[in-house]
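Being a predicted model, the structure only gives us computed values, none of them experimental.
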Amino acid sequence: MRKLVSQLFVSLDGVVESPERWHLGYYNEEMQAAVDSQIVEADILLLGRTTYEVFAASWPTRGSDVPLADRINSMPKLVASTTLDRLHWQNSTLIRGNLAEEITRLKQQPGRHITISGSPTLVRSLLRDHLLDELQLLVHPVALGSGSRLFQDDRDHQPFELIDATTFKTGVLYLAYRPLVGE
């Protein structure tokens, strides 16, 4: 059975919005290895609409000289969106039916992990439906003061078990959690 794994860049005060604006100064070889391993261990990339649009605007133009570009561009990509009608990035499929049912079906099939990059709205939905198996957070030592957060209200109350923790030289914390269901 496949695992559904999410990885998010997050600020010290919990902001996950627009990491391209604040996380690059902390990006080093340790973070690259963490991000790369997420992609290498997966055979399906699951994205929400916003993250899909950002990725689809940049990844197809990256050549073989960019680490993992060939893998990301060629791997199957599933996009959860109620507003998109068409997808233009190769090997991308729009999830049109019930997201929870589709993810449950995919998790039961043989294969590697299904990975989610970014896509906090999608991650919140999958946590509420008890479908996410692992939440990886790359916590950056910066407070932004405002912006969208992964956990935004009381409905997001969820206990987790810490399964891995590493401190990078830049002060970024890599934290991996397993959601605890029914506790």
Could you check if a side-chain atom of [X] sits within less than 4.5 angstrom of a side-chain atom of [Y], using non-hydrogen atoms only?
| X | Y | answer |
| --- | --- | --- |
| L131 | T104 | yes |
| V15 | D13 | yes |
| L180 | F160 | no |
| L126 | L4 | yes |
| L78 | I44 | yes |
| V172 | Y27 | no |
| T50 | T121 | no |
| V40 | L68 | yes |

Shortest non-hydrogen contact from [X] toward [Y]:
| X | Y | value |
| --- | --- | --- |
| W59 | N73 | O-ND2, 2.9 Å |
| A100 | D129 | CB-OD2, 3.7 Å |
| S117 | T51 | O-CG2, 3.3 Å |
| A42 | M75 | O-CE, 3.7 Å |
| L150 | V16 | N-CG2, 3.7 Å |
| Y174 | A34 | CD1-CB, 4.3 Å |

When you look at H113 and Q38, which way does the side-chain contact (heavy atoms from CB on, under 4.5 Å) test go after all the steps?
CA-CA 9 Å; H113 297 340; Q38 178 202 23; over 6 Å; no
Worked verdict on L122 versus L46 for side-chain contact (heavy atoms from CB on, under 4.5 Å)
CA-CA 9 Å; L122 174 60; L46 176 61; 3.7 Å; yes
I'd like to know if the side chain of Q7 and the backbone of G118 have a donor-acceptor N/O pair within less than 3.5 Å.
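Such a contact is absent between Q7 side chain and G118 backbone.
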Under the salt bridge (Lys or Arg N to Asp or Glu O under 4.0 Å) criterion, do D133 and K107 qualify, and how do the steps go?
CA-CA 10 Å; D133 298 298; K107 285 179 66 173; 2.9 Å; yes
Could you please spell out the steps behind the side-chain contact (heavy atoms from CB on, under 4.5 Å) verdict for L138 and L173?
CA-CA 6 Å; L138 292 153; L173 296 174; over 6 Å; no
Parallel, tilted or perpendicular: which one describes the rings of H140 and F9, with boundaries at 30° and 60°?
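Rings of H140 and F9: perpendicular, as their planes differ by over 60°.
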Classify the angle between the aromatic ring planes of Y52 and W89 as parallel (below 30°), tilted (30 to 60°) or perpendicular (above 60°).
tilted
Salt-bridge contact [X]-[Y] (side-chain N to carboxylate O under 4.0 Å):
| X | Y | result |
| --- | --- | --- |
| K3 | E134 | yes |
| D43 | R2 | yes |
| R96 | E102 | no |

Let's go through R105 and E101 carefully: what are the C-alpha distance in whole Å and the side-chain angles of both, what is the deciding distance for salt bridge (Lys or Arg N to Asp or Glu O under 4.0 Å) to 0.1 Å, and is it a yes or a no?
CA-CA 6 Å; R105 184 185 68 74; E101 288 176 6; over 6 Å; no
With E41 via salt bridge (charged side-chain N to carboxylate O under 4.0 Å, His left out) - residues at least two apart
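If we apply the salt bridge (charged side-chain N to carboxylate O under 4.0 Å, His left out) test to E41, skipping adjacent residues, there are no hits.
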List the steps and the verdict of side-chain contact (heavy atoms from CB on, under 4.5 Å) for V5 and Q136.
CA-CA 7 Å; V5 178; Q136 299 174 0; 3.4 Å; yes
Measure the spacing between CZ of R62 and CD1 of I72 and express it to the nearest 0.5 Å.
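Answer for the CZ-CD1 pair, R62 versus I72, is 8.0 Å.
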